[in-house]
Structure formats: C-alpha cells, structure tokens
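Okay, structure first, notes after.
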Amino acid sequence: MRHHWLFKSEPTVFSIEDLRRAARQTTAWDGVRNYQARNFLRDDVHAGDHILFYHSNVVPAGIAGEAVVTRAGYPDPTAFDPAHRHFDPKSRRDRPTWYLVDVQFVRACRTLIPLDRLRPLPALRQMLLLRRGSRLSIQPVTPAEWAAIVTLPEW
DNA sequence: GCCAACGTTGGC
DNA sequence: GCCAACGTTGGC
C-alpha cells in the first residue's frame, strides 16, 4: 500500500534546493527526535512513497516541492555520534531509538505554496498540517489531500 | 523576537 | 501516575 506524507524542514538548514543539488539528489532524513514521527519513519514510510517537502519556520511557510522515498526506515546514525548535534545517548546500535529514511528529489514548486493558500481549499479542511497547534514533523497525507495539492498551478 | 501549543523530564 | 517546570516548534 503506497502512502503519502508531508515532511517538514527548515530551509535554512535543508531546503528543497539543497535536495535538488545533493549527490544523486538524495538525502538521509536525519534528526527526527519525536516519538510519533519516529514511529512513522520506522513502521509506515515505505520505499516508493511520495512526500510533500514543507518549508517551516520561514515567512511564508509552505509546500516547496515533492520527493520520493528510496529507502525505508533504518537507524539514524547521527544519534550514535557524540560529536553530532543530534546525538542521543539513549539510542544504542543494538537498540536504536531513532530512525530515518532516504528521500530523493522529484520536483520543486515553481512558487512556494503558502499556508494561506492551502487553508481555504475544501479538500484540506481536515488536513493535519492546518490544525491549530499541530507540529508533527512527519505527517500522513490522505489521497484526497494529495490530489488536491499536487494539481495546484504552482507546480 | 514573541509567544502559544506541545512534548519531555523528573520530583513526589 | 500526577503535574509543574522546562525546552522546543513554528507561525507570525
């Protein structure tokens, strides 16, 4: 069963253009340190799933592009590295706490699709991203939400 | 930079 | 298990 997702990233840290320019246009989505998001990465995000690449903590925030999962969940190596800012002593190689997936660039929006543009769309009335206080960094996207977003003229 | 909302930690 | 304190997220 193929799923759709929305992954948040702060573009000052890693943007859709960074992904476009990356080696093989692929990156390991490291640094997720939230259990709910971890569960998705470990259990539910599969190779072949497509994701919306969302730019957070910028003005305006919004959807910046699309990527595809090329490798399903495996332990996040940055959690094992004491020198890394995402190091977590709780995570051990024999019993990893944190997981990541690999994603590859598919396309960037011609123009960013900001939250204000998404909010009025009827198909997105229930979308997790648009709920007040929602800050989950790895979110499932329903087929109807996906269809409504990927057919917008901003692509 | 502000601050509301949320998640985690830790004393009890 | 409760819950206050604290740290983080993320829109604005």
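Each chain gets a letter, A, B and so on, in the order its sequence line appears, and its residues count up from 1. Only a predicted model underlies this, so the values are computations on that prediction, with no experimental measurement involved.
No engagement by A:R38 is indicated, since no non-hydrogen atom pair under 4.0 Å with the nucleic acid exists.
Mapping A:N57 and A:Y35 onto DNA chain B by nearest heavy atom places A:N57 at the nucleotide closer to the 5' end.
Straight-line distance from the CZ atom of A:R33 to the C1' atom of B:dT8: 15 Å, rounded to whole Å. Rounded to whole angstrom, the span from the CD atom of A:Q36 across to the C1' atom of B:dT8 amounts to 14 Å. If you take CG of A:N39 and C1' of B:dG7, they are 14 Å apart, rounded to a whole angstrom. Here the P atom of nucleotide C:dC12 and the NE2 atom of A:H55 are 17 Å apart, to the nearest Å.
Taking only side-chain nitrogens and oxygens, A:Y54 comes nearer than 4.0 Å to OP1 or OP2 of C:dG11. Contact annotation: A:K8 reaches the phosphate of C:dG10 (side-chain N/O to OP1 or OP2, under 4.0 Å).
Inspection of the A:H50 and A:E66 side chains reveals an N or O donor paired with an N or O acceptor under 3.5 Å. If you check the side chains of A:T78 and A:R33, you find a donor sitting under 3.5 Å from an acceptor. Side chains of A:Y74 and A:D102: a donor-acceptor N/O pair is present below 3.5 angstrom, by distance only.
In A:R125, the CZ atom is not crowded: 12 or fewer heavy atoms of neighbouring residues, nucleotides or ligands sit closer than 6.0 Å.
Of all nucleotides listed (C:dG7, C:dG11, C:dC12), C:dG11 comes nearest to the side chain of A:S56.
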